[in-house]
Amino acid sequence: MDETHKEKTRGRSLSDFTVELDVYSGPYEWLLALILRDEVEIFEVPLRELVALYMGNRVPERPNTLERDTDFAGSAASLVLLKSRALSPAAEAEADGDEEESLSPEQLAEKLSRYLKVKRGAETLRERFEANAGFYSSGQVLRSRPGRLRIKPERLIGTARRVFSRLTEPPVSHLGQITVTLQDLATLIRTSLASGPVSYEDLTRNMDRLNSAVAFAAALSLASEGRLTLSQPEPLGPLTFEPVP
Amino acid sequence: MTGGPDALSLVEAVLLVSPLPVNLQALRSATGLRDAEVRDTLAALEIRYAPETSGIVLRHVAGGYQLATNPSCAEAVERFREEARPAPLSSAAHEVLSCALYLGPLTRGGVSAVRGVNSDAVVRNLLDRGLLAEAGVDSDSLGSPALLAVTEDFLAATGAASRDDFPNLDSLVGPEELARVRERLGSAEEPPESD
Amino acid sequence: MTGGPDALSLVEAVLLVSPLPVNLQALRSATGLRDAEVRDTLAALEIRYAPETSGIVLRHVAGGYQLATNPSCAEAVERFREEARPAPLSSAAHEVLSCALYLGPLTRGGVSAVRGVNSDAVVRNLLDRGLLAEAGVDSDSLGSPALLAVTEDFLAATGAASRDDFPNLDSLVGPEELARVRERLGSAEEPPESD
């Protein structure tokens, strides 16, 4: 990371960025907003604050709250993985991940460019939906002759199978971990730092892959806020968190 | 803009969307117009939709007003009806039908509970299309809601002679999933707590 | 009687009873009119049902023609039907639709990959609302996942006559902006994409 840029953004909190969480819908959107509007390096997206900001702006009474929460949790998790993949490709190399290979800047740029186009498309769609709201069609509709409609029994049976199986609770433990530990891990790191420097390896020894990634991102956020410093004597060497006096 | 739609437009729009004749009271309350205004408007619409000049006519029937096709156009309408491709069923419609087929007769609340989303609009559409019908009421539940079942037309559309032509529910999902379905159905049928 | 209804009445009557936009071919076949007559009639109906003067308007959407209420009267209609206007779509939903429109048909996995976040819940909601539909399967992929495409209801809801009615995907983002993304990510030396 470029030292002068780091200096410039250190201590800068997310609320200083012109962030409109209301229109946020995914990690790519966050990255684009920060890249295009706020001139921030992508690896300095302060995740922990993003969560706090989201929670602060959250209005439970609004429609689609569950959908928005789910999107947010999913996006936060994706962002964590994205950061960890882009920042520590070596840590991923030994892992079992199939689709989680490290992401080169070119690949990320490609993904973001395609996403940017789709997002602009979405904005034009929003305008069109708004401009075309409030049309209601005729209620004088004649029922089509019985016998003309064909319903495929296979499709119906497949649908039944899907609907009734959907009731088995989906595995959400990983979601729970992410939403809880994002803040928890920041706290955990700060608590650990109270008694001196901590190595990333020790801290994450008993954590699973996702928790380790979250811990790493939490540490980056804390570092960008100037609450700790990261020290790594050589590339890919052991990483130590040091308290800022 | 001169401040919103005129009385004629409002009444016209309400008449278009109503499948049944609309009485004066309903017209007043939907449009916010006074009685005299509604009556004047209907008189104007009677001219606008006169049988001599229009394929759509205003009928005064069954204590209400309704837009309908001009009988002189009946042939074209029948031909259209004969040839029109029926609107395809949505995924949501397939889900509701599969609930009625396998778990029915059940209430609207039961359908919504199993699917996990409010299904009233989809149910209404399927009733309109004659693929679902109300078959009795659930008198154990508060308000005795109607029970929904699939119809003969539904069976005909699937090419099935009877419900027995479909595979057994047990063969589609496991016992654990089935138990959850029943649990959800059970809680939907329970009368809501009074507050 | 001077020999049956005129062209305008015939087309008007057919449009009144159709749940979906009616295309030119269906209008011709139901009314027995020639192509030019149907077109002239539609032009006349566009004037008769102009938004400025009527509570019913003629729309040209989803490959056909449809009578619908004037949005200026939407409140009266909603009051009459005792229905709230459907909640507007979320940003995520607009993005998923944009994926399906511009890059589709594509699988749920494809949508999630473009957006960088799991999109299954949003997709399900859009299937329920009839704006997306499953259109075939991707038989090259494991498990042959369903391919998602936008529907005629989507075209009607966006007021589009066809899929060509939307701006080209590549015209939506300027080259400077794309260059800036690459630059910020340190991949500026890469030649810009040509697609």
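Each chain gets a letter, A, B and so on, in the order its sequence line appears, and its residues count up from 1.
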Engaged part of R124(C) at the chain B interface, taking heavy atoms whose separation is under 4.5 Å
side chain
Decide whether S9(C) and D6(C) meet the rule of one side-chain donor and one side-chain acceptor closer than 3.5 Å.
yes
Among L15(B), T53(B), V122(B), V11(B), the residue with the most heavy-atom pairs under 4.5 Å to chain C is T53(B)
Please check if any side-chain donor atom of S91(B) sits under 3.5 Å from a side-chain acceptor atom of E134(C), or the reverse.
no
Considering only NZ, NE, NH1 and NH2 on the basic side and carboxylate oxygens on the acidic side, decide whether E177(B) and R180(B) come within less than 4.0 Å.
no
If I measure from the heavy atoms of chain B, does L67(C) come under 4.5 Å with its side chain, its backbone, both, or neither?
both
Look at A133(C), A74(C), S29(C) and state which one has the largest set of heavy-atom pairs under 4.5 Å with chain B.
S29(C)
Given heavy-atom pairs under 4.5 angstrom as the criterion, report whether the side chain, backbone, both or neither of S18(C) touches chain B.
both
Per-residue contact mode, S54(B) against chain C (heavy atom under 4.5 angstrom):
both
Heavy-atom pair count under 4.5 Å with chain C, highest-scoring of L8(B), V17(B), L27(B), N70(B)
V17(B)
When the 4.5 angstrom heavy-atom criterion is applied to I56(C) and chain B, the contacting part is both
For T151(B) and D153(B), does a side-chain donor sit closer than 3.5 Å to a side-chain acceptor?
no
Count the heavy-atom pairs under 4.5 Å between each of L16(C), L127(C), L20(C) and chain B, then report the option with the highest count.
L16(C)
Cut-off 4.5 Å, heavy atoms of chain B, and the answer for A68(C) is backbone
For R59(B), does the CZ atom sit with more than 12 other heavy atoms under 6.0 Å from it, leaving out its own atoms?
no
Could you look at V22(C) and say if it's the side chain, the backbone, both or neither that has a heavy atom under 4.5 Å from chain B?
side chain
For E52(B), is it the side chain, the backbone, both or neither that has a heavy atom under 4.5 Å from a heavy atom of chain C?
neither
Can a side-chain donor-acceptor contact be found between S141(B) and D138(B) if the only test is distance below 3.5 angstrom?
yes
Do any N or O atoms from the side chain of T41(C) and from the backbone of E37(C) form a donor-acceptor pair under 3.5 angstrom?
yes
Assess whether atom CZ of R81(C) is packed by more than 12 heavy atoms of other residues, nucleotides or ligands within 6.0 Å.
yes
Report yes or no: does S112(B) contribute a side-chain atom to a donor-acceptor pair with the main-chain N or O of S119(B) at less than 3.5 Å?
yes
Is it the side chain or the backbone of E152(C) that comes within 4.5 Å of chain B heavy atoms, both, or neither?
side chain
